[in-house]
*Asks:* 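Have a look at the structure that comes next, please.
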Amino acid sequence: MPPITNAEIAAALFSHADLLELAGESPFRARAYRAAAESIRDWPEPVASVAGAAGLRTIPGVGEGIAAAVTDLVSSGSHQPFDDLAAAIPPSLAGILTLPGIGAKTAMKLHRELGIADLADLERAAIDGRIRAAKGLGARTEVTVLAGLDALKERTGRMPIGSALPAARAFASAIRALLPDMRVEIAGSVRRYCETAADLDIVVESRDHPGTIGRIVAAPAIGRVISQGYDALRVALQSGIEADIFLATPERFGTVLVRATGPAVHLERIGPLPDHAPDEPAVYAAAGLPWIPPELRLGGPEFTRTAEIPALIRIEDIRGELHCHSTWSDGAAPIGGMAAAARDRGYRFLAITDHSGGLGVANGLDVARLTAQRAEINAESGDPVLLAGSEVEVDRDGALNFDDPTLAALSIVVASLHTGLRQPRDELMARVERVLRNPNVDIIAHPSGRLIERRSPGDFDWPRYFAIAAETGTALEINADPARLDLKPAHAEAAVAAGCLLTINCDAHHPGGFANMEYGIAVARQAWVQRDAVINTWETSRLLAWLASRG
DNA sequence: GCCGTTTTCGGCCCGACTGTTTTCAGTCG
């Protein structure tokens with residue numbers, strides 16, 4: 001029997017966490033299992049080969065209890081307390097917890113009173129109108145369930161780029177360490193900065209394919225080999241992520257890299273690829289084309305708009321960020337720490353925009369704390385220039401958390417809708433219009449409210465949204481958090497075409513959060529955005545003048 | 001169940017909204 005992989009251990013812990021939640025155990029206990037599961041899934045080496053409980057406990061989130069469970073799972077594939085709970089509550093029931101509005105209590109009620117054990121049972125019950133038979137549940141719950149099931153069916157099951165790209169980089173580094181003199185490049189949808197990826201693709205330079213494959217399969221990050229050919233290999237990593245590895249001789253590395261990067265619609269437009277091109281520019285040159293950056297390979301506009309490519313925004317154009325958080329609200333670092341991180345990136349300005357009081361869970365600021373914070377911001381060094389701001393919560397009626405004099409006293413105001421995103425279109429649009437028409441509001445953050453693969457965007461009337469934003473001069477954000485990527489490329493392109501200004505921000509909650517800028521830049525480039533439309537590429541003086549000209 | 005050095009217990013996200021009640025439990029961000 002092959003040793004259990006990190007992904008399999010993590011799956012057992014995740015499943016137990018769900019069952020603990022259903023069983024009504026302490027939510028902190030369930031959370032502890034999930035935290036340990038994530039740590040183990042992402043551990044760079046096989047946890048099965050980590051020796052002893054003491055070794056296991058060096059993994060963050062793994063303590064005495066979970067180390068014992070993992071030891072059992074490694075030695076026998078099972079752990080008695082897990083099996084006992086799974087016998088009492090069907091693990092498939094956890095599937096219905098993914099529906100918005102259905103929590104552990106409701107799930108158990110549905111199980112006990114209606115015999116529901118999985119999503120399919122629940123769907124039938126909702127369609128038949130049987131959910132209302134359960135005490136405390138009504139017709140509205142049936143609607144919620146059916147809407148949730150619809151949203152679930154739209155999920156792709158792919159991993160977000162924010163997980164896929166770091167995983168690809170880590171795996172590519174591991175291969176480079178085994179093959180120090182060979183080129184190793186990430187390819188596929190990850191290289192193209194697609195918002196989700198099904199798997200990883202890696203191209204490895206090789207002069208001796210059997211020998212190269214022999215060295216790669218020894219990588220500790222690999223959980224098992226799925227299939228193996230002469231010049232290709234498909235593996236499942238310890239994390240459960242699957243990866244295709246393509247071998248290429250130096251003479252045809254470019255050909256293989258272009259093909260492995262795709263997508264098919266782009267390759268079709270290029271036509272037959274040369275058999276032997278050592279690098280990508282040679283492939284494109286053979287087709288009479290300039291080299292096309294991977295994120296622009298979409299199968300259409302990159303062939304007709306080649307002249308625009310050099311003018312597209314680049315990450316070096318970004319001069320600062322206009323949306324970040326500190327320990328004053330839900331950030332992990334004090335203002336000075338965030339400023340230092342921005343300084344390290346060469347930024348000239350940084351807006352501190354902690355949450356307003358309306359978002360209680362995020363330790364939002366009231367007016368008194370906002371005033372105190374402004375004093376702290378003003379006491380900072382001035383490199384980068386700090387702007388005292390706020391991420392102000394928009395209430396369900398479109399009112400902002402702070403009154404106009406308070407907003408006017410801030411250097412920058414970022415408005416956000418975090419709640420009520422499922423309102424009908426006319427209510428949502430009325431809220432947004434009220435916010436856009438407030439002259440104190442400079443930026444709308446993550447305009448659609450979507451969370452990729454987790455929450456659908458609000459049902460906004462986008463042409464109208466962009467028309468009003470263009471009229472009021474309010475900048476719309478491309479939120480670079482890979483869980484959001486909001487605006488998405490099509491909307492960012494439409495916004496600029498309508499005359500809107502944009503800003504690309506990481507919404508950083510800790511100093512490392514600024515590293516997400518590359519994702520936001522990729523979105524902007526996919527939207528064919530040029531630098532000048534993005535206000536945080538502007539010189540500090542121009543940005544300050546723009547802010548001063550507003551409310 | 002995990003964590004930490006103002007630790008070996010007490011905290012860990014907590015307040016608003018929703019749908020169902022008839023005064024509130026459950027869910028979510």
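Per chain, numbering begins at 1; letters A, B, ... match sequence-line order.
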*Asks:* By nearest atom, which of the nucleotides B:dT27, B:dT20, B:dG1 is closest to the A:I66 side chain?
*Replies:* B:dG1
*Asks:* Would you mind reporting whether A:I478 and A:V534 have side-chain heavy atoms less than 4.5 Å apart?
*Replies:* no
*Asks:* Using OP1 and OP2 only, check whether a side-chain N or O of A:R396 sits under 4.0 Å from B:dT18.
*Replies:* yes
*Asks:* If the cut-off is 4.0 Å, is A:T419 near the phosphate of B:dC28, judged by side-chain N/O to OP1 or OP2?
*Replies:* no
*Asks:* Using OP1 and OP2 only, check whether a side-chain N or O of A:T144 sits under 4.0 Å from B:dT18.
*Replies:*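 Looking at the OP1 and OP2 atoms of B:dT18, neither is under 4.0 Å from any side-chain N or O of A:T144.
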*Asks:* Do the ring planes of A:Y193 and A:Y519 sit parallel (below 30°), tilted (30 to 60°) or perpendicular (above 60°)?
*Replies:*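 Ring orientation of A:Y193 relative to A:Y519: perpendicular.
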*Asks:* Measure CD/A:E393 against P/B:dC17 and give the value in whole Å, please.
*Replies:* 11 Å
*Asks:* On DNA chain B, check which nucleotide each of A:A32 and A:I102 is closest to and give me the residue with the more 5' one.
*Replies:*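 First, find each residue's nearest nucleotide; the 5'-ward one identifies A:A32.
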*Asks:* Which donor-acceptor pairs under 3.5 Å do side chains of residues 29-50 of chain A form with protein atoms, sequence neighbours excluded?
*Replies:*
residue : atom : partner : partner atom : Å
A:R29   : NH1  : A:E25   : OE1          : 2.8
A:R34   : NH1  : A:E21   : OE1          : 3.1
A:R34   : NH2  : A:D18   : OD1          : 2.7
A:R34   : NH2  : A:E21   : OE1          : 2.6
A:S39   : OG   : A:P60   : O            : 2.7
A:S49   : OG   : A:P46   : O            : 2.8

*Asks:* In whole Å, what is the span from the CD atom of A:E64 to the C1' atom of B:dC3?
*Replies:*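 Taking CD of A:E64 and C1' of B:dC3, I get 13 Å after rounding.
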*Asks:* For atom C1', what is the distance between B:dC2 and B:dT8, given to the nearest Å?
*Replies:*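 Comparing C1' positions in B:dC2 and B:dT8 gives a spacing of 13 Å.
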*Asks:* At a heavy-atom distance below 4.0 Å, what parts of residues 124-140 of chain A sit against DNA chain B?
*Replies:* A:G136, A:L137, A:G138, A:A139, A:R140
*Asks:* Using the P atoms only, state how far B:dT21 lies from B:dT27, rounded to an integer number of Å.
*Replies:* 15 Å
*Asks:* Tell me the closest heavy-atom pair linking A:P334 and A:S326, and the distance in Å.
*Replies:*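 The pair with the smallest heavy-atom distance is C-CB, 4.2 Å.
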*Asks:* Is the A:F460 ring parallel, tilted or perpendicular to the A:W462 ring (thresholds 30°, 60°)?
*Replies:*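 Tilted: the ring planes of A:F460 and A:W462 meet at 30° to 60°.
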*Asks:* Could you let me know what B:dT8 is paired to, Watson-Crick or G-U wobble, both distances under 3.5 Å, or none if it's on its own?
*Replies:*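 Across any shown strand, B:dT8 pairs with none.
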*Asks:* Is the closest side-chain heavy-atom distance between A:L99 and A:L149 below 4.5 Å?
*Replies:* yes
*Asks:* Using atom CG of A:L451 as one end and atom C1' of B:dC28 as the other, report the distance to the nearest whole Å.
*Replies:* 12 Å
*Asks:* I need the CG-C1' distance between A:D397 and B:dC17, as an integer number of Å.
*Replies:*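 From A:D397 CG to B:dC17 C1': 14 Å.
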*Asks:* Tell me whether the side-chain N/O atoms of A:R34 come closer than 4.0 Å to OP1 or OP2 in B:dG1.
*Replies:*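 For B:dG1, neither OP1 nor OP2 has a side-chain N or O of A:R34 closer than 4.0 Å.
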*Asks:* Indicate, with a heavy-atom threshold strictly under 4.0 Å, whether A:A35 touches base, sugar-phosphate, or nothing.
*Replies:*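 Nothing, no nucleic acid heavy atom in range.
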*Asks:* If I take atom CD1 in residue A:I40 and atom C1' in nucleotide B:dG1, what distance separates them, rounded to the nearest angstrom?
*Replies:* 13 Å
*Asks:* Expressed as a whole number of Å, how far does the C1' atom of B:dT5 sit from that of B:dG11?
*Replies:* 16 Å
*Asks:* Can you tell me how far P in B:dG26 sits from the matching atom in B:dT20, rounded to whole Å?
*Replies:*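 It works out to 14 Å between them.
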*Asks:* Decide, yes or no, whether a salt bridge links A:D121 with A:R124 under the criterion of side-chain N to carboxylate O below 4.0 Å.
*Replies:* yes
*Asks:* Rounded to whole angstroms, how far apart are CG on A:L421 and P on B:dT18?
*Replies:* 12 Å
*Asks:* State plainly whether the residues A:R130 and A:E142 are in salt-bridge range, i.e. N to O under 4.0 Å.
*Replies:*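 No, no charged N to carboxylate O under 4.0 Å.
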*Asks:* Any carboxylate oxygen within less than 4.0 angstrom of a Lys/Arg side-chain nitrogen, looking at A:K488 and A:E477?
*Replies:* no
*Asks:* Say you pick atom P in B:dG15 and the same atom in B:dC9; how far apart are they, in whole Å?
*Replies:*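 Result for the P pair: 28 Å, nearest Å.
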*Asks:* Are A:D442 and A:R550 close enough for a salt bridge, meaning some N to O gap below 4.0 Å?
*Replies:*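 Result for this pair is yes, salt bridge flagged.
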*Asks:* Under the 3.5 angstrom rule, does the side chain of A:T406 hit a backbone N or O of A:F402 as a donor-acceptor pair?
*Replies:* no
*Asks:* Can you check the A:I59 CD1 to B:dG1 P distance for me, whole Å?
*Replies:* 18 Å
*Asks:* Starting at NZ of A:K105 and ending at C1' of B:dC24, how long is that distance when rounded to a whole Å?
*Replies:* 13 Å
*Asks:* Please give me every residue in residues 11-28 of chain A whose heavy atoms get under 4.0 Å of an atom in DNA chain B, ordered by residue number.
*Replies:* A:F28
*Asks:* Using the side-chain heavy atoms of A:R31, tell me which of these nucleotides is nearest: B:dG1, B:dC13, B:dT20.
*Replies:* B:dC13
*Asks:* With rounding to the closest Å, how many angstrom separate the P atoms on B:dG10 and B:dT23?
*Replies:*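 One P to the other, the span is 36 Å.
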